[in-house]
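All chains are named by letter (A, B, ...) in the order of the sequence lines, taking the proteins before the strands, and each is independently numbered beginning at 1. No hydrogens, no waters, no symmetry mates; every other heavy atom, side chains included, goes into these values. What you are looking at is a predicted structure, and each value in this text was computed from that prediction instead of being measured.
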Amino acid sequence: MARWLVKSEPASYGWDDLVREGKTEWTGVRNHAAAANLRAMRKGDEVLVYHSMTGLEAVGIARVSRTAAPDPTAKEGPWVSVELAPVRPLAHPVTLKAMKADARLKDMAMIRQSRLSVSPVEDAEWAAILDMAG
DNA sequence: GCCAACGTTGGC
DNA sequence: GCCAACGTTGGC
């Protein structure tokens, strides 16, 4: 099972929205590298939900409940979306600052390339983040 | 095919 | 508000 991280601005769609709705179509990704990551997701993969712009912290764990399909919000192009369902919130959100300060996460994709909105998370990185989340 | 200009994202 | 990092566009 692979693990991932997705970014979202809570002002437009955040963890609380995902919990309230029970699942959501993760649309709007318009970057080829991020879209490739969406296509690589398999049902059951775990996904860390991170709040960008406001919050700047990982707040919860979701699960891929349906693999990539054409993004209904894209008029044309190769863009895809997946469906995500919430699993559980992190007991203590893990801030970007904390992630950057932790040597275990120095090679993490989202740290190395801050603009990438959908990125893979290695097993060791995932374990480190859960450790930091308490 | 190269590269400058411009737009967007996202952290600071 | 600024700037770095990228991606895209368009002139040549």
Query - Backbone of A:Y13 reached by a side-chain donor or acceptor of A:S8 within 3.5 Å - result: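 A pair under 3.5 Å: yes.
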Distance test, side-chain N/O of [X] to OP1/OP2 of [N], below 4.0 Å:
X      : N      : value
A:K100 : B:dG10 : no
A:Y50  : B:dT9  : no
A:H32  : C:dT8  : yes

Return the value, rounded to whole Å, for the distance between atom [atom1] of [X] and atom [atom2] of [N].
X     : N      : atom1 : atom2 : result
A:K97 : B:dG10 : NZ    : C1'   : 18 Å
A:K7  : B:dT8  : NZ    : C1'   : 13 Å
A:N31 : C:dA5  : CG    : P     : 17 Å
A:R30 : C:dC6  : CZ    : C1'   : 18 Å
A:M53 : C:dC3  : CE    : P     : 16 Å
A:L96 : C:dA4  : CG    : C1'   : 15 Å
A:M99 : B:dC12 : CE    : P     : 11 Å

Report task. Starting from the C-alpha separation in whole Å, work towards a yes-or-no answer on side-chain hydrogen bond (donor to acceptor under 3.5 Å, both in side chains) for A:W4 and A:N37. Result -> CA-CA 8 Å; A:W4 312 91; A:N37 288 330; over 6 Å; no
Query raised in the report: When you check the gap from the basic side-chain N to the acidic O, do A:E57 and A:K97 get nearer than 4.0 Å?
Result: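 No, this pair does not count.
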Query raised in the report: Going by the angle between their ring planes, with limits at 30° and 60°, are A:W79 and A:H32 parallel, tilted or perpendicular?
Result: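 It falls in the tilted class, 30° to 60°.
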Query raised in the report: Which of residues 111-119 of chain A have a heavy atom under 4.0 Å from DNA chain B?
Result: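 Of all residues in residues 111-119 of chain A, the ones placing a heavy atom under 4.0 Å from DNA chain B are A:S114, A:R115, A:S117.
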Query raised in the report: Which pair of heavy atoms, one from A:S81 and one from A:R66, lies closest together, and at what distance?
Result: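 So the minimum-distance heavy-atom pair works out to O-NH2, 2.9 Å.
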Requested in this report: For A:T73 and A:R30, test the side chains for any donor-to-acceptor distance below 3.5 angstrom and give the result as yes or no.
Outcome: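 Yes - a donor-acceptor pair under 3.5 Å links their side chains.
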